[in-house]
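Before any comments, here is the structure.
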Amino acid sequence: MKIFFKLFSALLIALSMATGFYACNTPEEEVTTVDEVSPEILAKLDALGFNTVDFPVVKHEDQLIIENDISLNVHELDNIAQGIQQPVDEHYSTHNLVDGTPRTINVYVNSRFLQKYRDATDEAIRRYNEVDGFSLTFKRVTNASQADIQINPSPWWYYWQDILGSAGFPTTAGDPYNQILMTREYYDGVTNINGLATTIAHEMGHCIGFRHTDYMDRDFSCNRGFDPERVDPEGANHIPGTPTEAEAGSWMLACGSANLDRPFTTSDITALSTLY
């Protein structure tokens with residue numbers, strides 16, 4: 001019994017030291033807690049067509065994580081609700097888009113990431129920049145102050161809430177969402193640079209206004225039974241020329257292995273060049 005107690009005590013000390021070491025890297029997050037999501041917020045998200053049943057909404061202060069990878073500020077919900085049309089299983093976009101095109105969007109990768117994140121970002125950028133007729137140009141910069149989009153490590157609580165990463169949608173002012181958060185506990189182990197590039201390209205897609213290709217039927221890519229999402233008369237803007245059914249291989253599918261490479265399909269390219 002004494003041996004067990006000593007081993008248990010040693011384990012507690014080790015865990016405390018590990019927690020302390022991590023907290024030293026992110027001191028501002030030591031007291032981070034996940035807040036309760038009010039019924040009013042859930043009602044607004046349901047009205048927008050987000051799935052709040054299969055993917056519990058996580059709230060910290062004013063930040064919401066929806067469907068496991070979409071970041072929204074609670075104060076933006078009323079603005080997002082305006083002018084969006086009914087969603088179907090096609091490529092579709094948010095109401096707010098990036099304006100001022102043609103336009104260059106600078107992307108910064110936090111120096112705390114391994115080199116492979118920068119390599120994967122370069123590959124994601126290459127894919128976007130090679131789309132004919134696409135009026136946005138992405139460029140990786142080494143100075144965070146120059147960036148329109150920063151790719152940063154997620155806060156520690158993402159991992160404990162099973163959130164792999166997040167991004168948001170363009171602002172009402174026509175700027176891309178300014179941050180992609182990635183959970184290193186998941187992505188540091190990715191061995192396929194092209195798979196990691198697909199994940200980064202996916203989050204960049206959210207930043208410029210793309211919704212999940214299959215968010216009305218996540219069984220298509222997530223391979224498990226989900227309750228049907230609530231379809232509000234408003235929702236998401238269908239992009240003309242894209243399929244009327246969920247498309248295998250699309251870079252904006254909701255689920256997929258982090259090592260799986262999904263370069264742009266023909267319909268993805270149509271969506272990109274039509275929207276921008």
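Excluded from the calculations below are hydrogen atoms, water molecules and symmetry mates; all remaining heavy atoms, backbone and side chain alike, are included. Note that the numbering runs from 1 along the sequence shown for the chain. All figures in this text were calculated on a predicted structure; none of them were measured in a lab.
With no hydrogens or angles considered, a side-chain donor-acceptor pair links Ser250 and Asp268 at under 3.5 Å.
Note that the CE atom of Met252 and the CZ atom of Phe264 stand 9.5 Å from one another [nearest 0.5 Å]. In this structure, CZ in Phe138 is found 13.5 Å from CZ in Arg127, a value given to the nearest 0.5 Å. Summarising the geometry, atom OG1 belonging to Thr199 is positioned 7.5 Å from atom CD belonging to Glu203; distances are rounded to the nearest 0.5 Å. Taken to the nearest 0.5 Å, the CG atom of Leu72 stands 4.0 Å off from the CD1 atom of Ile66. Interatomic distance, Leu136 CG to Asn129 CG, rounded to the nearest 0.5 Å: 9.5 Å. Taking CD1 from Ile180 and CD from Gln150, the interatomic distance works out to 10.5 Å, rounded to the nearest 0.5 Å.
Panel note: side chain Thr198, backbone Arg262; a donor-acceptor pair is recorded below 3.5 Å. Side chain of Tyr128 to main chain of Ala201: a donor-acceptor pair is present (N/O by atom type, distance under 3.5 Å, no hydrogens or angles). Remark: side-chain polar atoms of Asn106 are not paired, donor with acceptor, to backbone N or O of Ala147 under 3.5 angstrom. Looking only at distances, no side-chain donor or acceptor of Asn259 sits under 3.5 Å from a matching main-chain atom of Gly195. Put simply, the side chain of His202 gets close to the backbone of Trp251: a donor and an acceptor are under 3.5 Å apart. Without hydrogens or angle criteria, Thr183 side chain to Glu185 main chain gives no donor-acceptor distance under 3.5 Å. Counting only distance, with no hydrogens or angles, the side chain of Asn194 and the backbone of Leu260 share no donor-acceptor pair below 3.5 Å. Using modelled atom types, one side-chain atom of Tyr276 and one backbone atom of Ile208 make a donor-acceptor pair closer than 3.5 Å. With hydrogens and angles ignored, the 3.5 Å screen pairs a side-chain donor or acceptor of Ser273 with a backbone N or O of Thr270.
Of all the heavy atoms in Gly174 and Arg103, the pair that sits closest is O-NH1, 3.1 Å. Smallest separation of non-hydrogen atoms from Ala197 and Ala120: CB-O, 3.3 Å. Between Leu181 and Pro153, the shortest heavy-atom contact is CD2-O, 3.7 Å. Residues Cys207 and Pro170 come closest through the heavy atom pair O-CG, 3.3 Å. Heavy-atom minimum distance, Ser135 versus Thr101: OG-CB, 3.4 Å. A pairwise comparison of heavy atoms in Gln63 and Ser71 identifies NE2-OG, 3.2 Å as the closest pair.
Put simply, the residue from Asp175, Thr137, Asp148 that forms a side-chain contact (heavy atoms from CB on, under 4.5 Å) with Ile105 is Asp148.
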Exercise. Given side chain to side chain contact (heavy atoms under 4.5 Å, CB included), test Asn73 with Leu64 step by step and report yes or no.
Key: CA-CA 6 Å; Asn73 188 291; Leu64 300 172; over 6 Å; no
Practice problem: Assess whether ring pair (Phe, Tyr, Trp, His ring centres under 6.0 Å) is satisfied between Phe113 and Tyr187, documenting all intermediate values. | Solution: CA-CA 10 Å; Phe113 282 119; Tyr187 293 112; 9.1 Å; no
Practice problem: Start with the C-alpha distance between Leu164 and Tyr158, add both sets of side-chain angles, then the distance that settles side chain to side chain contact (heavy atoms under 4.5 Å, CB included), and finish with yes or no. | Solution: CA-CA 7 Å; Leu164 277 63; Tyr158 267 45; over 6 Å; no
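Cluster membership check: Val57 shares its hydrophobic cluster with Phe169, using side-chain heavy-atom separations under 4.5 Å among Ile, Leu, Val, Met, Phe, Trp and Tyr. Under the 4.5 Å side-chain heavy-atom criterion for grouping Ile, Leu, Val, Met, Phe, Trp and Tyr, Tyr108 is not connected to Met204 through any hydrophobic cluster. No chain of hydrophobic side-chain contacts below 4.5 Å, direct or via other Ile, Leu, Val, Met, Phe, Trp or Tyr residues, connects Val141 to Val109. Put simply, Ile70 and Ile41 are part of the same group of oily side chains (I, L, V, M, F, W, Y) that touch within less than 4.5 Å, one to the next. Clustering ILVMFWY residues whenever any of their side-chain heavy atoms sit less than 4.5 angstrom apart, transitively, puts Val58 in the very cluster that holds Trp160.
Here Tyr159 and Tyr186 bring their ring centres to under 6.0 angstrom of each other.
Under a cut-off of 6.0 angstrom, the local environment of CG in Asp132 is sparse, with at most 12 non-hydrogen atoms contributed by other residues, nucleotides or ligands.
In this structure the side chain of Glu36 never reaches within 4.5 angstrom of the side chain of Lys59, judged on heavy atoms. Side-chain contact check for Lys44 versus Val74: every heavy-atom pair is 4.5 Å or farther apart. Contact check for Asn152 versus Gln179: side-chain heavy atoms found under the 4.5 Å cut-off. Side-chain contact between Asp122 and Arg140: present, with at least one pair of heavy atoms (C-beta onward) separated by less than 4.5 Å. Under the 4.5 Å side-chain criterion, counting only non-hydrogen atoms from C-beta, Tyr177 is not in contact with Ile149. Between Met182 and Ile151, some side-chain heavy-atom pair lies under the 4.5 Å cut-off. Proximity of Gln146 to Asn143: side-chain heavy atoms (C-beta onward) are separated by under 4.5 Å at one or more points. When side chains are defined from C-beta on, Asp188 counts as touching Tyr117, because their heavy atoms get closer than 4.5 Å.
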